[in-house]
Amino acid sequence: MTELLEQSLTELGTHVRFPTTPDLSFSVRSAIESGQYPSGTRPGIARGRTLVRPYMRLPGSFARRVVCPALAAVVLVGAILGLSPAARTAVASWFHINGFGFSSGPVPGPLGQKLDLGDRTSLAGAQKQVSFRLLVPTLAGLRSPDEVYVGSPPSTGRVTLLYHASMEFPRASTTGVGLFITEFQGSGDPVFFKKLLSNVSHLDFPAIGNGRGVWIEGPPHVMYYVDANGKPLKDTIRLAGNVLIWQQGKVTLRLEGLITELRALTVAESMTPPSP
Amino acid sequence: VEGRPLDDNELVRRALAGDAGAYEELVARYQELAYRVAYVLAGDAEAARDAAQSAFIKAFFSLNRFRQDAPFRPWLLKIVANEARNQRRSTWRRSHHELQLAEGPPPVDSAQSPEGAALVREEREALLRAVNALSDKDRQVIVYRYFLDLNESEMAAIMRCPKGTVKSRLSRALSRLRAQGGFGAGDLPAKEAAHD
């Protein structure tokens with residue numbers, strides 16, 4: 001009897017109608033190439049909406065939107081995901097399309113000790129020196145940075161908001177400070193955003209606003225700026241800690257500190273132009 | 001990827017070595033199964049598409065954690081099932097959906113009469129109604145086993161339980177289906193089909 005029922009169910013299965021399967025090959029590949037790693041929902045950050053709808057909101061080019069300063073590129077030689085060397089190769093080859101790639105190899109020069117932030121100024125002073133609208137966190141304790149700097153590259157200016165170490169933002173061994181946020185304006189120039197992959201860290205592509213960012217967490221990785229030809233700029237090579245990079249309007253932002261991804265995202269979502 | 005079809009694990013090895021086409025082949029090979037499993041769990045076509053797509057992306061980034069001496073399908077389907085559950089939770093979509101019979105063409109190469117064909121269809125509809133009337137868990141285990149032709153390892157991965165539990169849950173689901181549908185041997189379409 002049960003056997004007959006099973007036969008009937010098997011036969012029935014060949015006549016059951018499922019919705020037509022969509023072709024996922026292109027969208028999956030596009031998402032992987034674009035860095036659309038689905039990180040799931042994030043209560044409090046997502047404000048209840050679904051973050052993982054990559055097929056709906058695949059950007060034309062993640063690299064152009066997220067990582068595109070004018071004449072310089074930020075190159076992060078860092079850690080990712082615990083991928084094996086073979087997987088790194090795979091990821092690198094996939095991500096290299098659209099100017100977004102990973103690299104491997106030795107650190108391209110001696111590590112510097114300085115943060116190379118530029119000249120110290122005030123928020124108002126910084127705003128006068130750059131063409132883009134500055135953004136500051138609106139979270140309590142972060143509205144007024146302890147120090148503000150303007151530097152280059154890129155030639156259009158780069159502003160850094162620096163916060164001293166505190167209970168909430170402990171001193172990071174890589175920077176000696178609690179938190180800093182760097183802002184600069186992208187121009188659409190192609191930029192290579194590369195990482196030296198290792199097996200010990202975590203990489204995520206969380207949703208921020210209407211786009212996505214890159215979160216790198218784990219042991220310190222090396223970052224440096226490169227010139228228009230992609231050559232590392234001397235004295236900019238240094239170790240970096242947990243980093244979140246994202247795009248807000250025309251401004252590319254980079255947040256670094258000894259904090260969790262959730263905390264970094266909370267800070268990122270609070271960024272708005274400062275009150276006059 | 002050219003020549004004879006490569007097995008799953010060879011495609012995984014090639015994907016890990018940087019062959020983007022190899023992973024695309026895996027996606028093409030399993031997108032229908034992944035989508036249907038997601039559909040059974042999420043209960044919604046749009047959510048199933050989201051879940052299946054997310055699962056393939058996550059699986060790619062997790063390939064280094066895949067044991068290459070293990071079968072690929074259960075590993076993939078486990079990720080698919082997790083994504084489908086996440087979709088269901090995040091979108092508040094109901095998970096219970098009514099499966100329906102396909103509108104197939106009338107048989108042309110069978111000795112079956114039109115009346116016989118109508119009878120078989122009625123019987124299939126009756127059985128499907130009974131399946132649809134089962135609880136989510138019972139219906140899912142029936143669908144996995146008989147409609148999607150999954151093996152116990154694959155079902156265990158999706159259901160997050162040991163294979164022994166899969167067997168017992170399947171057995172209980174069949175018992176409830178039999179009791180609920182009141183199927184006697186003469187009511188089952190397979191009997192008719194066997195006589196075609």
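Because the structure is predicted, anything quoted here is derived from the model rather than measured.
The shortest distance between side-chain heavy atoms of B:Val80 and B:Phe56 does not fall below 4.5 Å. The shortest side-chain heavy-atom distance between B:Glu46 and B:Gln87 does not fall under the 4.5 Å cut-off. The shortest distance between side-chain heavy atoms of A:Leu12 and B:Tyr146 does not fall below 4.5 Å.
Rounding to the nearest 0.5 Å places CG of B:Leu63 at 8.0 Å from CG of B:Leu26.
Heavy-atom proximity under 4.5 angstrom to chain A picks out B:Phe147, B:Leu148 from residues 147-172 of chain B.
The minimum heavy-atom distance between B:Val131 and B:Leu177, with the atom names listed, is N-CD1, 3.7 Å.
Partners of B:Glu10 according to the salt bridge (Lys or Arg N to Asp or Glu O under 4.0 Å) rule, which considers only residues two or more places apart in sequence or in another chain, are B:Arg13, B:Arg14.
Heavy-atom pairs under 4.5 Å with chain A were tallied for B:Arg36, B:Glu32, B:Arg145; the largest tally goes to B:Arg36.
With a 4.5 Å cut-off on non-hydrogen atoms, A:Thr14 does not touch chain B at all.
Checked options B:Arg49, B:Lys58, B:Lys78; the residue passing with B:Glu83 is B:Lys58 (criterion: salt bridge (charged side-chain N to carboxylate O under 4.0 Å, His left out)).
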